[in-house]
Student: 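One structure coming up, written as structure tokens, with questions to follow.
Numbers here simply count residues along the sequence, with the first being 1. Predicted, not measured: the structure shown is a model, and the values here were computed from it.
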Amino acid sequence: MKVLIIGGGASGMMAALSALENQNNTVTLLERQSRVGKKLLATGNGRCNLTNRNIRLSHYHGEQPEFARFALESFYVGRTLAFFERLGLLTVTEDSGKVYPLSDQASSVLDVLRFALEAQGANIVTSCDIVEVKHKARGYEALSATGETYFGDKLIIACGGAAGKKLGGSKSGYHLLEQLGHSTTALFPSLTQIKTDPAYVKALKGVRADAHVQLRKDGETLQDSFGEVQFTDFGLSGPEAFTLSRAAATGGDGQELALDFFREYGDSVLLDMLQEKREKLPELAAEDLFAGMLQSRLGRMIVKRAGLKYQTKLKELSDEQLLACVKTGKWFTLEVTGVMGFDSAQVTAGGARTREFDARTLESTKNPGLFVCGEVLDVDGDCGGFNLQWAWSSGYLAGKLGEGEYA
Ligand SMILES: Cc1cc2nc3c(=O)[nH]c(=O)nc-3n(C[C@H](O)[C@H](O)[C@H](O)COP(=O)(O)OP(=O)(O)OC[C@H]3O[C@@H](n4cnc5c(N)ncnc54)[C@H](O)[C@@H]3O)c2cc1C
């Protein structure tokens with residue numbers, strides 16, 4: 001069987017290796033960029049967080065999160081890591097459950113995939129931008145921007161999503177699927193920085209802090225998250241901001257972020273600590289109230305937002321003023337103005353409508369012989385290796401072409 005795969009990213013390469021496990025298949029992998037797996041090299045800040053030991057369906061989103069269950073449970077984490085180990089990749093698991101290559105280099109993941117594809121005889125065509133697909137009487141035809149045509153008895157669309165444009169992200173996969181009668185849900189960037197009113201964050205650019213972060217609207221908490229945040233000149237970045245960005249992108253106007261920089265300490269404990277400091281260091285300037293507790297610029301910002309003058313001595317501060325500092329340090333609010341766009345997002349939320357595909361095979365219910373995998377589908381995961389696991393699981397399942405052990 002001739003298998004045509006459009007998209008040489010994580011899921012497309014996995015689909016190719018999966019299809020090649022059946023010796024009756026030949027695989028042609030079409031990639032618009034000059035090399036396969038370009039985005040993979042940028043994942044995990046160049047370290048590639050290739051999966052997570054704590055995969056649960058609750059980490060996945062879309063119109064039908066249940067859709068992802070079969071693929072994730074069939075080609076589960078243990079199986080995925082065993083597969084990569086057979087290709088020669090050694091990995092380490094961090095305490096958080098995130099898995100990285102032992103080399104700490106994303107290129108190791110790409111290397112083992114590329115070497116296996118070559119060894120197993122995949123025909124890889126790079127700089128091949130597919131602009132049109134046609135369902136023929138006996139299979140599928142793909143037409144490139146430069147006029148070449150490629151034929152497959154079966155077609156797998158693994159074009160990824162719109163996130164990370166410089167790394168190959170585009171809406172092309174959705175357009176190709178639309179040519180075959182499929183529809184796409186609303187698309188929006190996810191796992192990206194959250195934009196806020198710049199008034200307070202600009203001066204904090206580059207500051208990292210541990211916090212309990214709540215995304216709120218109309219007094220209600222939409223979602224919260226615990227861990228590292230990083231201030232940028234336009235808002236908030238870092239893993240916790242990424243985690244909340246999906247909800248922020250869809251939550252509409254009137255949202256705010258509330259950051260608790262003292263999540264281990266209650267209000268009264270913190271107040272006691274500040275009162276003790278006032279007693280021990282009466283001549284200290286208010287700007288140093290949080291010295292030893294927080295990053296210095298952040299400490300000064302809290303003092304300023306609490307309405308204190310930097311040069312006031314601690315002995316001159318009232319209990320009310322200290323309490324104002326406690327309140328500001330425990331609930332530092334920022335008005336949300338939006339999220340950064342697809343260019344800086346790690347993943348696309350939304351995609352090809354899952355109800356038009358069979359979750360057990362990833363075959364189209366409209367076009368027999370057409371399969372999809374990866375981010376082009378309306379399945380997106382949280383930050384932490386969940387998206388690549390979806391790419392591996394769905395890629396492996398799509399590569400079975402509705403036959404074999406998963407049929
Ligand atoms: C900066 C960054 C960091 C990330 N870090 C992580 C991480 O550490 N862990 C994690 O789990 N996830 C991470 N992600 C998300 C993860 O990389 C993606 O979810 C995953 O790569 C999706 O796999 P895919 O195969 O569906 O799409 P992609 O990997 O994007 O591959 C799609 C491929 O199809 C090609 N293509 C598209 N259209 C066409 C066409 N018409 N013709 C031919 N070729 C085409 C593209 O050039 C691309 O190579 C990160 C994403 C980014 C942007």
Side-chain angles (χ1 to χ4, degrees), residues 1-9 11-12 15-16 18-19 25 27-32 60-71 125 128-145 147-163 168-188 342 347-380 390-391 393-395 397-403 406-407:
M1 185 117 55
K2 284 185 179 164
V3 183
L4 200 57
I5 302 177
I6 307 177
S11 68
S18 170
N25 290 337
V27 168
T28 301
L29 183 62
L30 308 174
E31 168 56 50
R32 75 186 322 170
Y60 292 90
H61 316 281
E63 257 180 14
Q64 296 180 300
E66 265 298 316
F67 182 86
R69 183 187 291 281
F70 185 80
V125 186
C128 175
D129 184 9
I130 297 301
V131 290
E132 199 180 338
V133 280
K134 285 183 195 152
H135 194 167
K136 306 296 259 190
R138 207 179 53 80
Y140 290 87
E141 199 174 74
L143 181 73
S144 78
E148 288 90 10
T149 53
Y150 300 87
F151 175 79
D153 300 303
K154 308 273 180 185
L155 174 65
I156 302 178
I157 293 193
C159 293
S170 79
K171 294 190 177 164
S172 165
Y174 313 118
H175 297 150
L176 295 179
L177 283 165
E178 278 158 17
Q179 290 172 14
L180 295 169
H182 283 283
S183 61
T184 304
T185 65
L187 306 174
F188 49 92
F342 282 113
V347 72
T348 310
R353 271 215 166 73
T354 47
R355 77 171 87 103
E356 296 168 8
F357 297 88
D358 181 344
R360 296 179 75 84
T361 57
L362 301 184
E363 186 170 15
S364 160
T365 51
K366 294 174 180 246
N367 300 279
L370 168 69
F371 297 80
V372 278
C373 54
E375 200 177 308
V376 73
L377 273 161
D378 175 23
V379 175
D380 62 290
W390 169 245
S393 296
S394 61
L397 178 57
K400 291 290 148 245
L401 304 166
E403 295 167 355
Y406 289 152

Student: Can you name the side chain to side chain contact (heavy atoms under 4.5 Å, CB included) partners of Arg353, sequence neighbours left out?
Tutor: Glu63, Ser183, Thr185, Arg355, Glu356
Student: Where is the tightest heavy-atom contact between Ala359 and Leu397, given as atom of each residue plus distance?
Tutor: O-CD2, 3.6 Å
Student: Taking salt bridge (charged side-chain N to carboxylate O under 4.0 Å, His left out) as the test, write out the residues that go with Glu66, two or more places apart.
Tutor: Arg69
Student: Please enumerate all residues that pass side chain to side chain donor-acceptor pair (under 3.5 Å) together with Gln64, with sequence neighbours excluded.
Tutor: Thr354
Student: Side chain to side chain donor-acceptor pair (under 3.5 Å), that's the test. Do Glu375 and Thr348 meet it? Break it down for me.
Tutor: CA-CA 7 Å; Glu375 200 177 308; Thr348 310; 3.1 Å; yes
Student: Rounded to the nearest 0.5 Å, what separation is found between the CG atom of Leu362 and the NZ atom of Lys400?
Tutor: 12.5 Å
Student: Indicate yes or no for a side-chain donor-acceptor contact from Glu141 to the backbone of Glu132 under 3.5 Å, with no hydrogens or angles considered.
Tutor: no
Student: For Tyr140, what residues pass the ring pair (Phe, Tyr, Trp, His ring centres under 6.0 Å) criterion, not counting sequence neighbours?
Tutor: His135
Student: When you measure from the side chain of Ser394 to the backbone N and O of Gly374, does any donor-acceptor pair fall under 3.5 Å?
Tutor: yes
Student: Walk me through whether Thr28 and Val125 qualify under side-chain contact (heavy atoms from CB on, under 4.5 Å).
Tutor: CA-CA 7 Å; Thr28 301; Val125 186; 4.1 Å; yes
Student: Atom OH of Tyr60 and atom CG of Asp380: how far apart are they, to the nearest 0.5 Å?
Tutor: 10.0 Å
Student: Taking the side chain as every heavy atom from C-beta outward, state whether Asn25 and Leu401 have any atom pair closer than 4.5 Å.
Tutor: yes
Student: Are Val376 and Tyr174 side-chain neighbours, meaning at least one heavy-atom pair lies under 4.5 Å?
Tutor: yes
Student: What is the minimum heavy-atom distance between Gly62 and Asp378, and which atoms define it?
Tutor: CA-OD1, 3.4 Å
Student: At what distance, to the nearest 0.5 angstrom, does CZ of Phe357 lie from CG of Leu377?
Tutor: 6.0 Å
Student: Can you tell me how far OG of Ser18 sits from CD1 of Ile5, rounded to the nearest 0.5 angstrom?
Tutor: 8.5 Å
Student: Look up atom OG in Ser364 and atom CG in Leu177, then write down how far apart they are to the nearest 0.5 Å.
Tutor: 8.5 Å
Student: Would a 4.5 Å heavy-atom cut-off, applied to side chains only, mark Val347 and Trp390 as touching?
Tutor: no
Student: Going by atom type alone, with no hydrogens or angles, which donor-acceptor pairs under 3.5 Å involve a side-chain atom of residues 152-162 and a protein atom two or more places apart or on another chain?
Tutor:
unit_1, atom_1, unit_2, atom_2, d
Asp153, OD1, Arg138, NH1, 3.0
Asp153, OD2, Lys2, N, 2.6

Student: Could you tell me if the side chain of Cys128 sits less than 4.5 Å from the side chain of Glu148, heavy atoms only?
Tutor: no
Student: Phe371: what forms a ring pair (Phe, Tyr, Trp, His ring centres under 6.0 Å) with it, not counting sequence neighbours?
Tutor: none
Student: Do the non-hydrogen side-chain atoms of Ser144 and Ile130 ever get within less than 4.5 Å of each other?
Tutor: yes
Student: How long is the gap from CZ on Phe342 to NZ on Lys171, to the nearest 0.5 Å?
Tutor: 5.0 Å
